[in-house]
Structure formats: structure tokens, C-alpha cells
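Structure first, commentary second.
Here is how names work: the chains are called A, B, and so on, in the same order as the sequence lines, proteins then strands, and each is numbered from 1. Just so it is clear, the structure is predicted and the values come from calculations on it, not from any experiment. Just so you know, these numbers use all the heavy atoms, side chains as well, and skip hydrogens, waters and symmetry mates.
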Number of protein chains: 2
Amino acid sequence: MKKDKNPGREKILKAAQNEFAARGFAGARMEAIARSAGCNKAMLFYYFSSKEGLYQTILKEVMGEFFTKINGVLTPDLTPAALMEKFPELYIQLFARHPEFVRIVAFDLIHDPDNLCGIMGGIISQMTHFGPHPLFERIRRWHEQGLTSEPDPLHFMMNIVALSIFSFIGKPMVEAISGIRVASDEEFYRRRVASVVNVLKRGMLK
Amino acid sequence: MKKDKNPGREKILKAAQNEFAARGFAGARMEAIARSAGCNKAMLFYYFSSKEGLYQTILKEVMGEFFTKINGVLTPDLTPAALMEKFPELYIQLFARHPEFVRIVAFDLIHDPDNLCGIMGGIISQMTHFGPHPLFERIRRWHEQGLTSEPDPLHFMMNIVALSIFSFIGKPMVEAISGIRVASDEEFYRRRVASVVNVLKRGMLK
DNA sequence: CGTTATATTAACCATATGGTTAAACCAAAC
DNA sequence: GTTTGGTTTAACCATATGGTTAATATAACG
């Protein structure tokens, strides 16, 4: 409704994203978001009517960007090997670039999965171009054709996602237990992708 | 300091565990914990001096129980294959039985990893019987002996933990995307263990 | 300029919440 | 029975926080 994209609104969204990622929904402070966005607290209520509203907006935005990227990978001529290569790479690179993503999503996944899944469902059904079911159906067919070893599409996909996403959530934990410190994040993520792709291909490709 | 184990204290700890798991640290309400434990709010401050104190106590207790169980698996004569079989089984069964564990740990892992890692460090160093480093050193040696394909112990362990733990965090997400609904939890976890063990052994065993 | 619609702010408000305290309760010890 | 020490409670307190509002600034536009 304004000339272009409202810069104030965008700053708030960005600031809120960081705050929610760092402290979770309950821990996030509207005042902190406002200060971080360089505006008055009332602005948050002006653009988004409540804390909940702001959160939901971010959730939708984050998930939308997320699924859009994911969608790009899922071309019609996708092979099992290609999926196992591209998916972790995309996931890990995306999350390494936007650490808030993982934290917000993981947070919500723990705290209120139904809400998040509802949003995902909405986004997916909106993507008529390429839904989720086709992928899972294809995974099932791959197994029928003897291309993969995992019969259940759910577990097939879970294995891929688990290895990719845990790189972020669990990194500090495994570091602490092992005492192994990673030199640089960049190097770590490169090796992580390699390891994940390797395990997946050896583990689920026939 | 009393005759045996204080039943009030235990009830509070149990109630707090559920509350923190459900709502996270910031979202948890002391009053709710008290009500759920069937006592006055002041009791919480009597036994544990603050919300933070209560939380830390639980964290230590949870992590302690966790590591004790894990430790049982790590016998001196452990083979790579045995690790890849027993570890996911233990993890998944343990977490399936105590869903609060995952939620609390995951929550803290996202929100305040340094704190959690500090606690883990304390517990581990307390276990002189079997530290963490020996395991990682052994994983490294397995690769030198040509038994495994993953050269980096950190990634080796991350792959195992990721596949196991994500079964809980990510289950609702993958369900929502795929549209596949799991019949019974018991059946799901059984198949989950089978899938994880299969991928790990095929993927990282030579 | 004057009007209008949108942004933006300072000052408030109601309430929830972590935390305190002083008094009471209760079991065992004497 | 009374003292003693741990246990339990109701009633408070200070403050933080989500949310509101009325007034003001800003820009658009005729």
C-alpha cells in the first residue's frame, strides 16, 4: 500500500527474527525487538497486531522462503543419487547462512508442532506446481524399481533431513563431548556435507 | 538430610520437568509447576532457590541419567557394528520413554548451548570410569584399521546421534510434509531403529 | 496552503510473574 | 508438654511486559 516495500516493517521483521531465534517465543521481548529495529515498541503492534501475530508472520515468511528453496531442487527428472547429493547441500548451506531459521523452526517443532505443521501444510498446498506427495510417491517407486534400500518413504526422507539439520542443533553438543574443536565453520560445513552425502548414498542406494 | 528421599521434592522435580519440556525455560510458570506438584509455589523456592536453580537441577539430573545409560553401552570390547546397533536403539528407546528429555535438551541446545555443554563437561569428567575421549580415539583407530569409511570421529558420531535424535524432533514435520501418518508410535520407533541401523552400517562400515 | 492518510512516539495501564516473608504446622527429641 | 528443626502456607511486593491510546509528525496530493 506504500510506494515500495516498507523499510520500517522489514527492519522489525529482521530484528524479531533474531530475537525469536535467540530466546524463543516466550523469552522474546517486544521492547528488545523494537530497540533492535530502531523504532518505538508501539510500531510492532501497529504493523502486526500482537506478539503472536508478529511471530506467525515470521514463521510463515521463514517457512515460505525455506520451501521455495527446497522446491527448486525437486525437478521432475530427479534421481535418488541426485536427491541425496543436492538436498543436504542445500539444507546445510541454507541453514549455515541463516542460523535463525533452524532455531526458530526447531524451537517451534518442540514447543508447538501442530501450529508449525499447519503452516507448512498451507504453504505446500499453495504450491500446486509441485506438491509434497509426488516426491514421496516417487521415493516409493524408486524402491520398487530396486534403486534404493529403504522401503518406507517417511524414513527415507527422515534420514536425509536428520543428517542435514542436526549439523546445526547438535554441533555444540558433539563438540563438547568429543573435545574436538572445529577449525572454521566453513570447513566444518564442507566436510559435513561430504560426510552426510557419503553416508546417505552408501546407506540407501542399491 | 531427611529420613529418605523427600517425596515433595521429587514431585516438584517431575512436575518441573514436564513444564520446562512443554514451554521452555522462559515460558514455564513456577505457579503451574507448584499446582502440578500439588504444593505451594513457595516450596519451589524453598528447595531450589530460584527458577534458574530449579532448571539447572533438572538439567543436571536429566543429563546425568542420560549419560549413565549411554555409558553402559560403551564397553571396552565394542565393535563399530555394535556401536551402530546399540547406540540408536538405546537413544530412541530412551527418548521414546522420556519425551521430556529430548525437548529439554533440544531446547537448551538451541537457546543456550554453552550452559548445557558446560554441564555435560562436568558430568563427563566425573565419569573417570570411561571418558568421552577414549571413544573418539577408538573411532579414529577403527578408521585407521580400515573398519569404517568416515575418517572424522566428530562426523562419525554426529551421523549416529543425528539419525537417532531427529526421530523425535522431526517426526511431526516429516509427517506433515509427506502426509504419511504413523499407525502406532511403538511400530514407528521399531521401524525407525531398523532404518537408522541399516543406513549407518551400510553407510559407514567397510 | 490545507486536507488527508499513514507513521511514529511518549506516556500509560492492567496484569502476570518471580521472588519474599512472617507466621503456622508438625514430627521427633527431650 | 515443650522445645526444636525442618516443612508448608497465605499474603505480599516489585517489577517487567504485552498491549493501548491520544497526540504528533510526515508525506502525499489537490
Does Phe107(B) have its ring centroid less than 6.0 Å away from the ring centroid of Phe25(B)?
no

So does Glu52(B) have more than 12 non-hydrogen atoms from other groups sitting under 6.0 Å from CD?
yes

What are the atom names and distances for every N/O pair under 3.5 Å that joins the protein to nucleotides 13-17 of chain D?
| from | atom 1 | to | atom 2 | distance (Å) |
| --- | --- | --- | --- | --- |
| dT17(D) | OP1 | Arg29(A) | NE | 3.1 |

What integer distance in Å separates Met43(A):CE from dA7(C):C1'?
5 Å

Roughly, in whole Å, what's the span from CD1 in Ile33(A) to P in dG19(D)?
11 Å

What is the distance from CD1 of Ile12(A) to C1' of dA7(C), rounded to the nearest Å?
11 Å

Compare side-chain N and O positions of Tyr47(A) against OP1 and OP2 of dT8(C) and report whether any pair is under 4.0 Å apart.
yes

From NZ of Lys11(A) over to P of dT8(C), roughly how many Å is that when rounded to an integer?
11 Å

So, taking the atom named OG in Ser149(A) and the one named CZ in Arg202(B), what distance separates them when rounded to the nearest 0.5 Å?
4.0 Å

For the residue pair Val197(A) and Met84(A), what are the closest heavy atoms and their distance?
CG2-O, 3.6 Å

To the nearest Å, how far apart are Phe45(B) CZ and dG18(C) C1'?
5 Å

Could you give the distance from CD1 (Ile123(B)) to NZ (Lys60(B)), rounded to the nearest 0.5 Å?
9.0 Å

Length of the CZ-C1' vector between Phe25(A) and dG18(D), whole Å:
10 Å

Gap separating the CD atom of Gln17(B) from the CG atom of Leu13(B), nearest 0.5 angstrom:
7.5 Å

CG of Asn40(B) versus P of dT8(D): gap in Å, rounded?
10 Å

Side-chain atoms of Tyr46(A) come closest, of dA10(D), dT7(D), dT8(C), to dT8(C)

